[in-house]
Amino acid sequence: MIETGDAVPILLLGGGHAHVEVIRRLGELGLGTQITLVSPSRHAPYSGMLPGYVSGQYSFDDFHIDLEKLCTRYGVTFIATSATAIDPNTRRVSLADGMLLDYSILSIDIGSTPALPPGVSGGISVKPIASFTLRLEALDARAAEKTRRLRLAVVGQGVAGVEMAFALQRRLGRDRVDILLAGRAHDVVTERSRLARWILRRELNAAGIMNYPNFEVTSFEAGELVARDGRKLFVDDVVWTTSSGAPTWLGKTGLTLDAGGFIRVDHFLRSISHPEIFAAGDVASLPDPRPKAGVFAVRQGPVLAENIRRCLSGETLQPFRPQRRWLALISLANGRAIADKWALAGSGRWVARWKNWNDTRFVKRYRGR
């Protein structure tokens, strides 16, 4: 049992994709007893499988990692709460349960918060994913109470938005729900190839999902979703898959942050202002910026684990080199998916099987034998 004020060699805040790999790798090296993990939830979702959970392909257990069991396997101390403050000068973290923890090395992988348009509130945010399952249950109940078709807007035209649109239609039933996809971009998944965008437009049309590009939301009130140009969509509710925001309490830590409030790190995933602090996943602002996507957090895990180990032994750190071209596997929630990389794209059931193998392999890695 850790008492208030006790120092821990390695303190991990958050059970994100990078931290579960840190626990596995350092645990296998026999360093688990030097690690303490703090996470508000025992169950950590794998973001790549969220659309499959929403559509009914996966159960809750299928796409969650049991952090407490993972920690127990490697001798890591698990504390089920969240951080509320960091004092890097005293190397002390304040927790929501009142506990104070001193650390030698701190790593932060706490994800991100929803970044809604200024002045806009209401609706259902996908982030944080760990609590989205509860919000989804509330949406299920609302849909069940409706005596007419439910009109549901999904705001955000990136991969997360289009996957959520397909998944929600599958979950709620095409005969009972109208899905509207809206976003400020001129097209869906503008970060992907032209061919992938063409395939997605075709699939959206076939599914009867209406797309509203150049729709920059300025308000949502009383069932009216309003765009800056004056257009209005009348909907029963909104699901937000828009860009990520940083936890506001980081602004009081004294860490160097970027304009969005995320922790600026160097090529070693180390805070540029406090070298004993690391950050990974959505909360980290890389020198060479990348989208807030799970693929980068997963790839940061091995480098983060190695650099924490090297810090303990005084060795030179290893740089993290993010991909410039990365594979996107986009679920269509109908037993098919799209693969996109290097301006090449294809779709079919074979892609969905590939995505399922890739995603379930990641989760199984942390469940033991």
Side-chain angles (χ1 to χ4, degrees), residues 15-17 20 41 43-66 111 124-144 150 152 154 156-179 181 188-189 192 196 199-200 202-209 237 239-241 293-295 297-298 327-341 345-367:
H17 300 350
V20 293
S41 175
H43 298 97
Y46 176 51
S47 59
M49 296 173 72
L50 178 63
Y53 171 76
V54 173
S55 68
Q57 179 182 358
Y58 303 120
S59 69
F60 180 92
D61 289 339
D62 288 336
F63 89 113
H64 280 82
I65 297 165
D66 190 321
I124 302 165
S125 177
V126 170
K127 292 189 175 182
I129 294 174
S131 56
F132 178 64
T133 54
L134 298 177
R135 295 189 291 277
L136 187 60
E137 289 175 4
L139 180 60
D140 287 340
R142 183 169 185 180
L150 183 73
L152 193 62
V154 176
Q157 295 170 296
V159 171
V162 296
E163 284 191 318
M164 190 55 59
F166 286 121
L168 285 169
Q169 185 188 67
R170 182 79 173 184
R171 181 184 189 89
L172 300 174
R174 184 171 178 174
D175 59 336
R176 298 192 302 117
V177 63
D178 291 320
I179 303 290
L181 181 65
V188 293
V189 293
R192 304 310 308 181
I199 295 172
L200 275 170
R202 182 190 66 188
E203 295 292 337
L204 288 167
N205 184 63
I209 297 174
D237 216 332
V239 175
W240 304 98
T241 67
V295 61
V298 169
L327 173 68
L329 298 175
I330 306 170
S331 174
L332 300 175
N334 60 358
R336 298 165 58 246
I338 298 170
D340 179 61
K341 189 177 182 181
S347 64
R349 295 188 178 277
W350 66 273
V351 182
R353 289 193 294 270
W354 180 15
K355 176 173 170 57
N356 174 69
W357 173 82
N358 193 55
D359 291 343
T360 55
R361 181 183 59 160
F362 177 84
V363 174
K364 289 176 181 176
R365 186 181 302 160
Y366 306 103
R367 290 186 172 164

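Just so you know, these numbers come straight off a predicted model, no measurement behind them. The basis for the numbers below is simple: all heavy atoms, side chains too, and nothing from hydrogens, waters or symmetry mates.
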Exercise for the section: Would you give the length of the straight line joining atom CD1 of Ile330 to atom CZ of Phe166, rounded to the nearest 0.5 angstrom? Expected result: 9.5 Å
Problem - Rounded distance (nearest 0.5 Å) linking atom CD of Glu203 with atom CG of Asn334 - result: 6.5 Å
Fill in the blank from the handout: So CE of Met164 and CG of Leu136: to nearest 0.5 Å the spacing works out to 8.0 Å
Problem - Residue pair Arg353 / Asn356, side-chain donor-acceptor N/O under 3.5 Å - result: no
Problem - Considering all heavy atoms, the nearest Lys341-Leu327 contact - result: CD-N, 3.8 Å
Fill in the blank from the handout: Of all heavy-atom pairs linking Leu181 and Gly156, the shortest is CD1-O, 3.4 Å
Problem - Asn205 vs Arg202 side-chain heavy atoms within contact, under 4.5 Å - result: no
Handout entry: Atom of Ser47, atom of Pro51 and distance for their closest heavy-atom approach
Key = O-CD, 3.8 Å
Completion exercise
Closest non-hydrogen contact found for Ile179 with Ala165 is CG2-CB, 3.9 Å
Practice task
Could you tell me how the ring of Phe60 sits relative to the ring of His64: parallel (under 30°), tilted (30 to 60°) or perpendicular (over 60°)?
Solution key: parallel
Problem - Nearest-0.5 Å distance that lies between atom CD1 in Ile65 and atom NZ in Lys364 - result: 13.0 Å
Problem - Straight-line distance of Phe362 CZ to Arg367 CZ, nearest 0.5 Å - result: 11.0 Å
Problem - Nearest heavy atoms of Arg170 and Ser55, plus distance in Å - result: CG-O, 3.6 Å
Fill in the blank from the handout: Rounded to the nearest 0.5 Å, the OH atom of Tyr53 sits from the CZ atom of Phe63 at a distance of 6.0 Å
Problem - Nearest atoms (heavy-atom pairs only) where Gly346 meets Val351 - result: O-CG2, 4.0 Å
Exercise for the section: Tell me yes or no: between the side chains of Tyr46 and Asp62, is some donor less than 3.5 Å from an acceptor? Expected result: no
Handout entry: Candidate pair Leu168 and Leu139, rule side chain to side chain contact (heavy atoms under 4.5 Å, CB included), full reasoning
Key = CA-CA 10 Å; Leu168 285 169; Leu139 180 60; 4.0 Å; yes
Exercise for the section: Walk me through it: do Asp340 and Val189 pass the test side chain to side chain contact (heavy atoms under 4.5 Å, CB included)? Expected result: CA-CA 11 Å; Asp340 179 61; Val189 293; over 6 Å; no
Exercise for the section: Output yes when a side-chain donor or acceptor of Arg176 lies under 3.5 Å from a complementary backbone atom of Leu150, and no otherwise. Expected result: no
Problem - Geometric class of the Trp354/Trp350 ring pair [parallel <30°, tilted 30-60°, perpendicular >60°] - result: parallel
Practice task
Please answer whether the main-chain N or O of Ala207 pairs with a side-chain N or O of Gln169 as donor and acceptor at a distance below 3.5 Å.
Solution key: yes
Problem - Under 3.5 Å: donor-acceptor pair, side chain of Lys127, backbone of Gly111 - result: no
Practice task
Evaluate the criterion side chain to side chain contact (heavy atoms under 4.5 Å, CB included) for residue pair Arg171 and Asp140; output intermediate values, then yes/no.
Solution key: CA-CA 9 Å; Arg171 181 184 189 89; Asp140 287 340; 2.7 Å; yes
Exercise for the section: Carefully, step by step, assess Asp66 and His43 under the rule side chain to side chain contact (heavy atoms under 4.5 Å, CB included). Expected result: CA-CA 5 Å; Asp66 190 321; His43 298 97; 4.0 Å; yes
Practice task
Check whether any side-chain N or O of Arg135 sits under 3.5 Å from a backbone N or O of Ile124 as a donor-acceptor pair, and report yes or no.
Solution key: no
